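What follows is one structure encoded as structure tokens, with my remarks underneath.
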Amino acid sequence: KKISDILEKSAPKPGVPADLQNLLSQHFGENRSVIEIEELKLSDSCFLPANDLTHSFSSYLKEICPKWAKLRKNHKEKKSVVMLVICSSALRSLELIKSMTAFKGDCRVVKLFAKHIKIKEQMNMLEKGVFHIGVGTPGRIKALVEQDGLCLNSTKYMILDWNWRDQKLRRMMDIPEV
């Protein structure tokens, strides 16, 4: 059987905190001690309610972040974002940026993916300006954090595009590299 055949038959369901905890345990379980694995565990209070697929992306953001205007106004740090949205591909990132127009308001959005944008350009952009929302792919976000181009200290929300499936019907968490 092909994975696409199996995934095609399974209805997308919202991710739950246990899904992410299981992925963390699987990924780090072999090279970490029991104490280190315990430190990786996040309490359920760290998680926002998942989009139950009845909301558009923009309305979901409004629901989970009702005080966005205040957060946006108070954010003055460079090289950081208030909200970080992680998607499986650059095309999906662009799609989400376009769909959140009702939510954005007076904020600045930065694209954090590799498609046609060099990492040095993104680092310079983040260093020069204040951005409120970052939307990108796991690989590029990881590279920016490792090279000290993106600081996550003032990040209040990290949203995983958990339910979206690509052309091969894989979710972001089904891709081993992620």
Side-chain angles (χ1 to χ4, degrees), residues 14-17 19-21 23-24 27-28 32 36-51 55-90 92-164 172-173 178:
V16 294
D19 294 337
L20 184 60
Q21 297 290 36
L23 283 171
L24 287 172
H27 182 73
F28 293 111
R32 301 280 197 264
E36 290 173 319
I37 291 173
E38 276 299 314
E39 288 178 353
L40 285 175
K41 293 208 184 301
L42 301 168
S43 69
D44 285 349
S45 64
C46 294
F47 294 90
L48 297 165
N51 185 353
H55 292 282
S56 68
F57 185 60
S58 193
S59 69
Y60 173 69
L61 292 178
K62 282 184 178 180
E63 182 181 302
I64 64 165
C65 187
K67 297 180 180 172
W68 174 249
K70 184 178 178 183
L71 280 172
R72 184 192 75 231
K73 198 181 295 182
N74 293 337
H75 181 69
K76 305 277 187 245
E77 292 180 44
K78 294 182 178 179
K79 292 172 58 172
S80 69
V81 293
V82 178
M83 183 181 290
L84 184 62
V85 181
I86 304 176
C87 311
S88 58
S89 71
R92 177 64 176 167
S93 298
L94 288 171
E95 189 179 307
L96 288 180
I97 289 169
K98 289 176 186 173
S99 73
M100 68 169 87
T101 52
F103 180 76
K104 287 189 298 195
D106 206 13
C107 73
R108 294 186 65 199
V109 178
V110 63
K111 299 171 187 170
L112 303 173
F113 50 79
K115 199 115 176 150
H116 307 300
I117 307 171
K118 291 182 173 60
I119 194 162
K120 292 288 183 202
E121 291 174 26
Q122 285 175 333
M123 289 172 70
N124 290 337
M125 198 174 12
L126 285 163
E127 211 168 282
K128 291 178 183 169
V130 175
F131 292 92
H132 304 97
I133 301 175
V135 183
T137 56
R140 179 50 62 100
I141 291 169
K142 179 184 176 198
L144 286 166
V145 170
E146 286 174 347
Q147 294 183 28
D148 207 26
L150 178 65
C151 177
L152 300 177
N153 293 341
S154 63
T155 301
K156 303 283 186 228
Y157 296 93
M158 180 169 41
I159 298 167
L160 301 176
D161 188 22
W162 191 274
N163 296 316
W164 184 79
M172 178 171 57
M173 296 304 156
V178 172

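Values below: every heavy atom of this structure, side chains too, minus hydrogens, waters and symmetry copies. Since the structure is predicted, the reported quantities are computational estimates derived from the model, not experimental observations. The chain is numbered in sequence order, starting from 1.
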Practice problem: Could you tell me whether the side chain of L61 reaches within less than 4.5 Å of the side chain of W68, counting heavy atoms only? | Solution: no
Exercise. Classify the side-chain pair S56/S58 by whether it contains a donor and acceptor separated by less than 3.5 Å.
Key: no
Exercise. Taking the side chain as every heavy atom from C-beta outward, state whether I64 and I159 have any pair of such atoms under 4.5 Å apart.
Key: yes
Quiz item: How long is the gap from SG on C65 to OH on Y60, to the nearest 0.5 Å?
Solution: 10.5 Å
Quiz prompt | Spacing of CD1 belonging to I86 relative to CG belonging to D161, to within rounding of 0.5 Å | solution = 10.0 Å
Quiz item: Any side-chain heavy atom of L96 sitting closer than 4.5 Å to one from C87?
Solution: yes
Quiz item: Side-chain contact, heavy-atom cut-off 4.5 Å: Q21 with K41?
Solution: yes
Exercise. Answer yes or no: are there more than 12 heavy-atom neighbours, outside M158 itself, under 6.0 Å from its atom CE?
Key: no
Quiz item: Does a side-chain heavy-atom distance below 4.5 Å link I133 with L84?
Solution: no
Quiz item: Is there a side-chain contact between Q122 and V110, using heavy atoms and a 4.5 Å cut-off?
Solution: no
Quiz item: Knowing that exactly one of D148, L144, V130 qualifies, which makes a side chain to side chain contact (heavy atoms under 4.5 Å, CB included) with K79?
Solution: D148
Quiz item: Could you state the interatomic distance from NZ (K76) to CG (N74), rounded to the nearest 0.5 Å?
Solution: 6.5 Å
Exercise. With rounding to the nearest 0.5 Å, note down the distance linking CD1 in I141 to CG in L152.
Key: 8.5 Å
Quiz item: Taking side chain as C-beta onward, heavy atoms only, is F57 less than 4.5 Å from E95?
Solution: no
Quiz item: Which value, rounded to the nearest 0.5 Å, describes the distance between K111 atom NZ and L94 atom CG?
Solution: 5.5 Å
Self-check item: Side-chain heavy atoms of W162 within contact of M172, under 4.5 Å
Solution: no
Practice problem: Of all the heavy-atom pairs spanning F131 and M125, show the shortest one and how long it is. | Solution: CE1-O, 3.3 Å
Quiz item: Where the side chain of H132 meets the backbone of V109, is there a donor-acceptor pair that is under 3.5 Å apart?
Solution: no
Quiz item: Between atom NZ of K78 and atom SG of C151, what is the distance when rounded to the nearest 0.5 Å?
Solution: 14.0 Å
Quiz item: Does NZ or CZ of R140 come closer than 6.0 Å to the centre of the six-membered ring of F113, within 45° of the ring's axis?
Solution: no
